[in-house]
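Have a look at the structure below, then the notes.
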Amino acid sequence: MSIVVPIKDGKVVENNASQDSLAANQRSGSSLDKEAFLQLLVAQMKYQDPLEPTSNTEYISQLATFSSLEEMQNLNGTMTTQHATNLVGKTVIMNVQSSTGATNVVQGKVDFIVKQNNKVYLSIDDQLYNIDDLDKVVDDDYLEALAIAEDFERVIGKLPSAKNLRLDDKERLEEVRKAFNNLTTYQQDFIAKYCPKALEKLKELLAKMKEMTDAANGTDGDDKTDGDNKVDGDNKDDKDGTSTGSK
């Protein structure tokens, strides 16, 4: 990084040009790092007025500021590296900006981290991404529940409405009910939260199918023996605590 500033009588002259240049660097993502600060200090010492040199007190103050800046940058670098290390093995979502200015979303698991030129990069599917592009860290259980919820919505969408339901649909409906009941409590709660309409349709179809089955068998609709038609997520008190995968 190269900075050119005007020096007069051993002091940096604050003019509009230098301020505009600094502002442009800040807008472009650059910052006044310790190397640039040291360059300014050396330039001030080199071009100071020999008849009115800068006092030792000012130099000591500037050196103290430089040391403080260096410590903060080192601490920030350590924290960034530690943060990146904690991401190894986790699924992340990156917002990567291309050369055309478009933002591409990259999702994957972090295999390892690399530090190059004081920058930390995350390796995802054999590609390196700047940690500054990190957008989200996603829990694997969440991703699994999300995929299951999407499949659940698709399956329910293919089922007929309660009005068009037939006895021939009983086997397929029973498979969906069993699949839902075999999900973990977390996955069932996820579906109930994010796919309420699909879950309500399943409950409606199960109730309708029970009515049709009772009518076909000539049994009383109040008969409670048909407990297999229940959706576990609808009445958790009826669970025996042995549901597959429950957390």
Side-chain angles (χ1 to χ4, degrees), residues 86-96 102-111 122 124-125 129 133-247:
N86 293 335
L87 294 176
V88 174
K90 295 184 178 180
T91 301
V92 298
I93 297 176
M94 314 288 292
N95 284 339
V96 183
T103 300
N104 300 320
V105 177
V106 177
Q107 176 179 312
K109 185 169 291 187
V110 179
D111 298 319
L122 309 178
I124 303 172
D125 295 332
Y129 300 94
D133 296 329
L134 177 65
D135 182 50
K136 296 181 182 69
V137 181
V138 188
D139 181 72
D140 289 340
D141 290 339
Y142 175 90
L143 286 177
E144 183 180 10
L146 178 61
I148 290 174
E150 291 174 347
D151 288 341
F152 179 80
E153 278 195 317
R154 282 194 293 267
V155 170
I156 296 300
K158 294 179 180 179
L159 292 175
S161 64
K163 181 179 179 180
N164 298 324
L165 192 65
R166 301 173 56 186
L167 286 174
D168 293 342
D169 298 316
K170 182 177 181 178
E171 184 177 350
R172 183 164 54 143
L173 192 59
E174 180 65 13
E175 291 177 354
V176 176
R177 182 197 67 79
K178 288 183 178 179
F180 179 86
N181 288 346
N182 285 332
L183 297 177
T184 66
T185 301
Y186 175 78
Q187 292 164 350
Q188 290 180 359
D189 290 343
F190 191 97
I191 290 176
K193 182 176 181 180
Y194 295 103
C195 311
K197 292 183 178 180
L199 186 57
E200 284 301 319
K201 180 179 178 180
L202 175 60
K203 296 175 184 178
E204 182 184 9
L205 292 177
L206 288 172
K208 181 66 174 179
M209 181 58 68
K210 185 177 186 305
E211 292 179 5
M212 295 171 61
T213 303
D214 290 342
N217 295 334
T219 58
D220 188 352
D222 293 332
D223 187 1
K224 303 298 182 182
T225 60
D226 194 8
D228 288 342
N229 280 331
K230 283 187 177 180
V231 175
D232 285 348
D234 185 34
N235 193 345
K236 296 184 182 300
D237 292 337
D238 291 337
K239 280 190 174 183
D240 60 5
T242 59
S243 178
T244 303
S246 296
K247 294 184 177 179

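When a residue number appears, it is its place in the shown sequence, counting from 1.
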Check side-chain contact (heavy atoms from CB on, under 4.5 Å) between V137 and all other residues, then give those that pass, not counting sequence neighbours. L87, K90, V92, L134

Can you find a heavy atom in the side chain of D141 that is under 4.5 Å from one in the side chain of T184? no

Qualifying residues under side chain to side chain donor-acceptor pair (under 3.5 Å), relative to D168, sequence neighbours excluded: R166

Using side-chain heavy atoms (C-beta onward) and a distance below 4.5 Å, is Q188 in contact with V231? no

Could you list the donor-acceptor pairs under 3.5 angstrom formed by side chains in residues 193-202, with sequence neighbours left out?
unit_1: K201; atom_1: NZ; unit_2: I156; atom_2: O; d: 3.1
unit_1: K201; atom_1: NZ; unit_2: L159; atom_2: O; d: 2.9

Using 0.5 Å steps for rounding, measure from the CE atom of M209 to the CG atom of D169. 5.5 Å

For E174, is there an ion pair with R177 - N to carboxylate O distance below 4.0 angstrom? yes

Evaluate the side-chain proximity of N95 to V105: yes if any heavy-atom separation is below 4.5 Å, no if none is. yes

By side chain to side chain donor-acceptor pair (under 3.5 Å) - contacts of D151 (at least two apart): R154

Under the side chain to side chain contact (heavy atoms under 4.5 Å, CB included) criterion, do D133 and V106 qualify, and how do the steps go? CA-CA 10 Å; D133 296 329; V106 177; over 6 Å; no

Hey, could you give me the NZ/CG distance between K163 and L165, rounded to the nearest 0.5 Å? 13.5 Å

If we only count heavy atoms from C-beta on, is the Q107 to V138 side-chain gap below 4.5 Å? no

Atom CG of D139 and atom CD of E144: how far apart are they, to the nearest 0.5 Å? 10.0 Å

Drop me the distance from Q187's CD to N182's CG, to the nearest 0.5 angstrom. 10.5 Å

Within this structure, what is the CG-CD1 distance for the pair L143 and I93, rounded to the nearest 0.5 Å? 7.0 Å

Provide the full list of ring-ring contact (aromatic ring centres under 6.0 Å, His included) pairs with a residue in residues 139-172, sequence neighbours left out, each pair given once. Y142-F190, F152-F180

Heavy-atom closest contact (E204 atom, A162 atom, distance): OE2-CB, 3.5 Å

Quick one: side-chain contact (heavy atoms from CB on, under 4.5 Å) partners of A216, sequence neighbours excluded? L167

